[in-house]
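Data block below; observations after.
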Amino acid sequence: MFELVDATKRYGPLVALAPLSLTITAGERLALMGPSGSGKTTLLHLLAGVIQPDEGRVAIAGRSTETLRPGRDLARLVGVMAQGFDLVPSLAVVHNVLAGRLGEWGIGRSLLSLVFPRELPLAQAALNRVGVGTKLYERTARLSGGEQQRVALARLLVQQPRAILADEPVSSVDPARAEDLLTLLVEVAAEDGRTLIASMHAVPLALRYFSRVIALRHGHLVFDRATTAVTEADLTALYDLRQEEARDVR
Amino acid sequence: MTSAKASPAPLGGGPPAGHVPIRGRGLLTLLLLGALTWSLTTVPWGEPLVHPGGLTVLGEMLVAALHPTVSAEFLGIALAASWRTVAYATAGVSLAILLAFPAGVLASGVLVRHPVLRALTSGASRALLGVLRAIHELVWALLFVAAIGLSPFAAVLALALPYAGILGRILAEILEDVPPGPLAALRAAGAREWQVLLYGRLPQAFPNMVSYALYRYECGIRSATIMSFVGLGGLGYQIQISLDDLRFREVWTFVYCLVVLVVLVDLWSGVIRRRLLA
């Protein structure tokens with residue numbers, strides 16, 4: 001599904017991602033771990049095709065991200081769930097969900113839908129699936145943070161990408177909700193054999209819900225293992241590295 | 001790696017940049033105070049501030065303020081004049097919104113991705129909006145009265161053009177300053193720029209834009225009043241007629257009408273704003 005070959009990203013003198021090569025097969029559930037500033041978000045953006053590597057190449061479903069212009073083609077391959085969910089607060093929920101169809105819609109349908117929502121059953125089904133089916137016509141701003149996150153997920157369901165990339169999906173919800181949300185995310189991805197990639201801060205959650213872990217630090221790969229093969233030593237190493245990092249800052 | 005052992009970075013060497021030295025500021029203050037003192041000597045202190053008959057007239061005006069004309073016949077005239085002023089303002093501001101929308105969207109440059117093309121379209125629209133609002137509505141009114149005579153169209157157009165300039169510019173700014181996160185999410189979902197405008201920028205800009213347009217409508221009522229001084233009917237015209245005959249009580253009736261209008265519009269826009277924010 002994804003292939004990185006010596007992909008490198010720099011921001012000025014700062015190496016955000018040192019040459020990294022990896023392959024992610026379809027249907028994998030992959031957690032990106034590492035302290036903040038480790039390159040998780042950079043890697044996620046490379047995989048989403050939002051940014052291009054300075055050197056090396058990134059391919060999604062066999063196509064180089066350089067040839068994948070933002071728009072419908074990219075939207076059919078990857079869907080992104082940003083940290084702040086990034087819904088439009090003043091719109092009704094239904095429009096935020098149907099925004100996932102904009103890549104497929106022309107001008108007439110896009111305009112008309114703002115007055116008479118198009119493909120309503122699709123939106124309703126997606127909202128039912130994520131458990132906020134009754135909020136169809138509510139103003140998005142009135143929803144709680146957790147509900148908004150579910151709406152963002154419904155938008156992805158309507159978009160129907162082959163991979164879902166989530167940036168810290170549970171960083172802003174309380175632990176009980178985090179479990180619910182991850183269960184939902186994993187189920188939804190599994191239903192259609194979608195690939196799921198998420199940057200994760202909480203180690204126990206990452207180990208419980210994902211099949212593979214990629215740990216980064218300072219843009220370098222620390223380890224890349226199946227979750228079942230991650231050892232205490234790996235985590236201790238990551239923990240110690242964090243300590244060292246804290247000292248570096250001082 | 002073991003920077004914990006390294007010596008701490010030196011904390012600032014030399015004075016902080018970007019400051020006018022204290023001595024320089026003192027000198028400037030002295031110079032400005034000197035200039036102010038000198039300027040006072042050029043004021044002709046000998047002449048009285050108010051001309052001899054002025055105080056009497058002022059007194060008459062104040063007394064008239066407490067006794068505005070309220071005969072039924074006269075109130076009918078005042079009501080008709082108020083209605084006309086409201087009509088001018090409503091038509092003018094509505095037309096302004098219609099003109100400002102396309103011009104503002106173009107001026108914001110959010111629809112055009114090509115940098116040269118964007119600079120051209122955005123620059124041209126901005127220049128147009130700039131010209132429209134550089135000329136005051138009163139001047140537009142004089143121009144239109146000269147061109148098409150004392151017709152209501154002159155008033156409506158004179159109000160619409162400068163207001164389109166103001167509203168268009170504000171719309172462009174609001175559209176540019178919309179929170180970028182949701183826009184990026186829409187693009188990631190495959191939306192093109194005009195779809196981002198429809199589903200992201202405009203909905204996010206809408207409450208601000210409505211709020212500002214309502215404020216402008218209130219200004220429009222006052223502008224419509226002033227504009228009618230050039231002979232276009234309405235409250236201003238009536239105020240002028242009564243003032244020419246020194247009938248201060250009638251003047252005050254019209255002034256109170258204007259106050260009521262502005263307060264009503266303010267209350268109405270407050271209701272709408274609260275509903276938008278709720």
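Quantities reported herein were computed from a predicted structural model and do not represent experimental measurements. Residue numbers begin at 1 in each chain, while the letters A, B, ... track the order of the sequences.
- Residue contact with chain B, scored on non-hydrogen atoms closer than 4.5 Å, is absent for A:R101.
- Identified by a heavy-atom distance below 4.5 Å to chain A, the contributing residues of residues 188-210 of chain B are B:A188, B:A189, B:G190, B:A191, B:R192, B:W194, B:Q195, B:L198, B:Y199, B:G200, B:P203, B:Q204, in residue-number order.
- Heavy atoms of A:A99 lying under 4.5 Å from chain B belong to its backbone as well as its side chain.
- With chain B as partner, the option from A:A75, A:G100, A:S90, A:S110 having the largest number of non-hydrogen pairs under 4.5 angstrom is A:S110.
- A 6.0 Å sphere centred on CZ of B:R133 holds more than 12 heavy atoms belonging to other residues, nucleotides or ligands.
- Heavy-atom contacts from other residues, nucleotides or ligands closer than 6.0 Å to CD of B:E176 number more than 12.
- Within 6.0 Å of atom CZ in A:F116, 12 or fewer heavy atoms from other residues, nucleotides or ligands are found, so the atom counts as exposed in its surroundings.
- Atom OH of B:Y215 is surrounded by 12 or fewer heavy atoms from other residues, nucleotides or ligands within 6.0 Å.
- The parts of A:L114 that come within reach of chain B are both its backbone and its side chain, each placing non-hydrogen atoms under 4.5 angstrom from that chain.
- More than 12 heavy atoms of other residues, nucleotides or ligands sit less than 6.0 Å from atom OH of B:Y256.
- Of the listed residues (A:I107, A:L98, A:V50, A:V78), the greatest number of heavy-atom pairs within a distance under 4.5 Å of chain B belongs to A:I107.
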